[in-house]
Amino acid sequence: MTQESDLDSTVRMRIRSLRQARGWSLDSLAERAFLSPSTLSRIETGHRRIGLDQLTSLARALGTSLDQLVETVDDDDVVIRPQRDEQRGLTTWLLNRGSGPAGMTVAKMRITDEAQGPGVDQLGVHPGKDWFTVLSGTVTLILGERAMRVETGQAAEFSTMIPHAIKAHGGPAEILCILDHDGKRNHLHTQT
C-alpha cells in the first residue's frame with residue numbers, strides 16, 4: 001500500500017469514527033456538511049475520491065480542523081524513544097513534549113555510571129532546584145562534599161547552586177526527575 005493510499009484510508013476512517021463518536025447517522029453528517037448521504041457513504045467506504053471542498057466541509061461539520069483530519073500517521077508523536085549517552089552511562093526518556101507546566105521537563109533516566117566518591121568530577125551547578133524519585137536501584141546524590149544514598153521509593157529535592165551529580169550505586173538505577181529550563185539544559189545536554 002502506498003503512503004498516499006494509507007493517508008486516504010486514514011482520513012476516511014477518521015471521518016467515520018468522528019461521525020460515530022458524535023452519535024450521528026450518515027444523514028445527519030451529510031446534512032451538516034451539505035453533502036448527500038450517498039456521497040458521504042461512498043466517501044467513507046472509499047468508493048469515491050474526496051475533494052478538498054468536501055474535506056473542508058466535513059472538517060467544519062465534525063468540529064475539527066482540516067489539518068487534524070489529514071495529518072499523516074506517524075508514531076513519533078506517541079512513542080517515546082530513549083536517548084542513549086554511552087559516554088555518561090545514561091539513557092533518557094523525555095516524558096513530555098516541549099516544556100510542561102511552568103517550563104518544567106519530566107524525564108525518566110536509567111543511570112549505569114557508578115559514583116567514585118565525593119570528589120567525583122563533572123559536578124554541575126546551575127540556578128534553580130532539581131527533584132527526583134528513585135524508581136529502581138540506588139543512586140548516590142553528590143552535593144558538594146556530601147554523598148547521600150537515595151534508594152528505591154525515596155526522593156530528593158535540592159538547590160542546584162550546590163555542585164551536584166547523580167550516579168548509580170551497586171548497579172543500574174532508574175529515576176524519574178523534574179527539571180526546570182536550566183536543569184534540562186545541564187542534565188540532558190539539550191539545546192533550548
Side-chain angles (χ1 to χ4, degrees), residues 7 10 13-14 17-18 21-22 59 62-192:
L7 179 59
T10 300
M13 183 257 328
R14 285 179 183 153
S17 296
L18 288 169
R22 286 163 176 72
L62 290 165
T64 189
S65 72
L66 186 57
D67 288 345
Q68 290 174 322
L69 202 55
V70 300
E71 70 185 347
T72 58
V73 179
D74 188 350
D75 65 358
D76 286 343
D77 65 334
V78 177
V79 178
I80 299 170
R81 293 184 170 80
Q83 300 170 353
R84 288 178 175 62
D85 184 340
E86 299 295 331
Q87 186 176 4
R88 294 174 53 218
L90 188 65
T91 303
T92 304
W93 293 261
L94 291 178
L95 301 179
N96 62 325
R97 311 258 183 226
S99 290
M104 299 301 215
T105 297
V106 179
K108 176 184 168 188
M109 295 180 173
R110 180 172 174 79
I111 306 166
T112 57
D113 195 17
E114 293 275 338
Q116 302 300 317
V120 175
D121 59 347
Q122 298 181 353
L123 296 181
V125 175
H126 57 87
K129 285 191 172 281
D130 278 357
W131 175 92
F132 71 87
T133 187
V134 181
L135 301 173
S136 66
T138 301
V139 298
T140 301
L141 170 61
I142 303 163
L143 287 176
E145 297 297 318
R146 300 173 16 196
M148 296 157 270
R149 286 199 186 134
V150 187
E151 298 177 353
T152 301
Q154 296 179 331
E157 176 188 18
F158 54 93
S159 167
T160 55
M161 289 302 288
I162 300 169
H164 61 281
I166 301 169
K167 300 286 186 172
H169 178 80
E174 291 187 351
I175 66 171
L176 182 68
C177 58
I178 298 175
L179 305 166
D180 63 12
H181 174 76
D182 292 312
K184 179 182 178 183
R185 190 178 69 240
N186 283 277
H187 295 293
L188 303 180
H189 296 280
T190 59
Q191 299 300 318
T192 56

To the nearest 0.5 Å, tell me how far Arg149 CZ sits from Gln154 CD. 11.5 Å
Pick one: which of Lys167, Met148, His164 meets side-chain contact (heavy atoms from CB on, under 4.5 Å) with Ile142? Lys167
Identify the heavy atoms of Gly144 and Ile162 that sit nearest to each other, and give their distance. N-CG2, 3.6 Å
For residues 168-177, which residue pairs pass the salt bridge (charged side-chain N to carboxylate O under 4.0 Å, His left out) check, not counting sequence neighbours? Lys108-Glu174, Arg110-Glu174
Val134/Glu151 under side chain to side chain contact (heavy atoms under 4.5 Å, CB included): CA gap, chis, key distance, verdict: CA-CA 6 Å; Val134 181; Glu151 298 177 353; 6.0 Å; no
Test log, rule side chain to side chain contact (heavy atoms under 4.5 Å, CB included), inputs Leu18 and Leu69: CA-CA 10 Å; Leu18 288 169; Leu69 202 55; 4.1 Å; yes
Closest non-hydrogen atoms of Val70 and Arg14, given as atom of the first, atom of the second and distance, are C-NH1, 3.8 Å
List the steps, then state whether side chain to side chain contact (heavy atoms under 4.5 Å, CB included) holds for Thr92 with Asp85. CA-CA 8 Å; Thr92 304; Asp85 184 340; over 6 Å; no
Above 12 or not: heavy atoms from other molecules or residues under 6.0 Å from CZ of Arg22? yes
N/O donor-acceptor pair under 3.5 Å between Thr133 side chain and Leu176 backbone: no
Any idea which heavy atoms bring Gln83 and Leu94 closest together, and the distance? NE2-CD1, 4.2 Å
Nearest 0.5 Å, please: how far is CG in Leu141 from CD in Glu157? 11.5 Å
How far apart are the closest heavy atoms of Cys177 and Met109, and which atoms are they? SG-CE, 3.8 Å
Closest non-hydrogen contact found for Pro163 with Leu123 is CB-CB, 3.9 Å
Apply side chain to side chain contact (heavy atoms under 4.5 Å, CB included) to the pair Ile175 and Val150, showing each step before the final yes or no. CA-CA 10 Å; Ile175 66 171; Val150 187; over 6 Å; no
Testing the basics here: between Thr140 and His169, what is the closest heavy-atom pair and its distance to 0.1 Å? OG1-CB, 3.5 Å
Has the side chain of Ser136 got a donor or acceptor atom that lies under 3.5 Å from a matching backbone atom of Ala173? no
